[in-house]
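First comes the structure, then the notes that go with it.
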Number of protein chains: 2
Amino acid sequence: MSLTLADAIERHILALLEEHGEAALQRVEVARLYDCAPSQINYVLATRFTPERGFVTESRRGGGGYIRIVRAGRPELPQLAAALRQAAEGVSEAVAIAVVARCSASGWLGEREAQMLAAMLRRDVLALPLPERDLLRARLLAAALLSLGQGR
Amino acid sequence: MSLTLADAIERHILALLEEHGEAALQRVEVARLYDCAPSQINYVLATRFTPERGFVTESRRGGGGYIRIVRAGRPELPQLAAALRQAAEGVSEAVAIAVVARCSASGWLGEREAQMLAAMLRRDVLALPLPERDLLRARLLAAALLSLGQGR
DNA sequence: TGGGTGTTTGACCTTTCCTGACCTTATTAT
DNA sequence: ATAATAAGGTCAGGAAAGGTCAAACACCCA
C-alpha cells in the first residue's frame with residue numbers, strides 16, 4: 001500500500017477542498033512542493049479529479065495563471081452522465097432525444113434547455129461520419145447533464 | 001489567485017462603467033495610475049472589452065484625445081447565429097465563451113443555459129482535430145442560439 | 001517472466017501578459 | 001502654412017504561466 005506521489009498530491013488537493021470548499025493552486029508551486037515535474041499535477045487531475053468522479057476543473061495559462069478544482073453538487077445527474085460517457089458505442093439521435101425528453105419531463109431540464117439541447121444534437125448540426133457522430137453526441141450530452149449537476 | 005495588472009485595469013474600467021454608464025479615460029493617466037506602459041491599456045481593451053463581449057470603444061488621438069467605452073445594446077439572436085455559421089475559420093473556445101457570456105449578460109440565456117453551453121463547447125468535449133473542432137463549435141453555437149430565437 | 005496497468009518525467013506547445021520602439025492623428029504656437 | 005506638441009495605435013518579442021504527449025519506469029499477477 002505504497003503512497004505514490006500522485007496519491008499524496010491527491011490528498012493535498014482534497015485537503016484544500018475540504019478546508020476552503022475549493023482548491024486554487026499554481027501548478028509550479030505544487031510541483032516544487034512535491035519536487036516533481038509540473039505535468040505530474042495534470043496527471044493527478046486527469047486520473048483523480050475527473051467529471052465522472054464529480055469534480056470540475058478550470059484553469060488559465062499565462063501570467064497569473066492558476067488551476068481551480070471544485071466539487072460538483074448533486075450526484076444523480078453526474079451518474080447519468082457518467083453512464084452516457086461510458087456508452088462506448090455512442091448515442092443515436094433518437095436515443096439522445098429520448099433522454100432529453102425524459103430529463104425534461106422529470107424537471108431536470110427546463111423547456112428551453114431541452115429545446116436547445118435537441119437542436120444541438122441533430123445529425124445535420126454535428127455533421128460527422130457515423131461512428132464519430134454518435135460518440136460526439138454522447139460526449140455532448142454527458143457534458144451538458146454534468147454541468148447542471150454542479151448547481152450555481 | 002493573483003490579480004494581474006490587466007485584471008486590475010479591467011475592474012477599474014468596469015467600475016467606471018458601472019458608475020457613469022460609460023467609461024471615459026485618458027490612456028496616459030490610467031497608465032500612470034497603474035504604473036505601466038500605455039499600450040497595456042490597449043491590451044486590456046483588445047482582450048476584454050471586445051465586441052464579442054458586448055462593448056464598443058471609441059477614441060481620438062492628438063491633443064485632448066480620449067478613450068471611451070460603452071456597453072453595446074442587446075444582440076439580435078438570429079443575426080448572431082448567422083454570423084457564427086458563416087465564420088469560415090470557425091469559432092475558438094475563447095470567442096464562444098465570450099459570446100455565451102454576452103448572451104447571458106443581456107438576458108438571452110439563463111444562468112443554467114449559459115453554464116450548459118459553455119460546458120458543451122469545451123475543447124476536450126468536442127475532441128476533434130483543430131480545423132474541424134472550431135467549425136463544429138460554430139455550428140453548435142449557432143444551432144443553440146437559433147433554437148432560442150425561434151421560440152419568440 | 002512477461003504483459004498489463006498505473007506512475008513519472010521531459011521535450012515541446014499554446015495561451016496570456018506586459019513592455020518598448022515606432023507610427024498616426026489632432027491641436028496649438030509661430 | 002508649418003512646426004512643435006500632445007495625444008492614442010500597432011506590432012513584435014520576451015516572460016510567465018499551464019497543456020500535451022510519448023517514452024521510460026515500476027509494480028503487480030497470472
| remark: Counting primed atoms, P, OP1 and OP2 as sugar-phosphate and everything else as base, the B/S/- map of nucleotides 13-18 of chain C against protein heavy atoms under 4.0 Å is -BBBBB
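We find that CD of B:Glu58 is positioned 11 Å from P of D:dG9, with the value rounded to whole Å. Rounded to an integer number of Å, the gap from CZ of A:Arg68 to P of D:dG19 is 13 Å. If you measure from atom OH of B:Tyr66 to atom P of D:dG9, you get 11 Å, rounded to the nearest angstrom. Distance B:Asn42 CG to D:dG9 P: 5 Å, rounded to the nearest Å.
One finds no side-chain N or O of A:Ser39 lying less than 4.0 angstrom from the OP1 or OP2 phosphate oxygen of D:dG18.
Checked against ring-ring contact (aromatic ring centres under 6.0 Å, His included), B:Tyr66 has no partners two or more places apart in sequence or in another chain. Residues passing the salt bridge (charged side-chain N to carboxylate O under 4.0 Å, His left out) test with A:Arg27: none are found, sequence neighbours excluded. Residues forming a ring-ring contact (aromatic ring centres under 6.0 Å, His included) with B:Tyr43 (at least two apart in sequence, or on another chain): none.
Put simply, CG on B:Leu146 and CG on B:Leu77 are 8.0 Å apart, with the number rounded to the nearest 0.5 Å.
Side-chain contact annotation: A:Asp7 with A:Thr4, donor-acceptor N/O pair under 3.5 Å present.
Within residues 9-34 of chain B, no residue approaches DNA chain C, by heavy-atom distance under 4.0 Å.
Between B:Leu109 and A:Met116 the shortest side-chain heavy-atom distance falls below 4.5 Å.
With side-chain heavy atoms closer than 4.5 Å counting as contact, directly or through intermediates, the hydrophobic cluster containing B:Val70 also holds B:Val56.
When heavy atoms are screened at a 4.0 angstrom cut-off, A:Ile41 is found touching no nucleic acid atom at all.
Look at B:Arg68 and B:Glu22 and you find a salt bridge, because one of the NZ, NE, NH1 or NH2 atoms lies within 4.0 Å of a carboxylate O, short of that distance.
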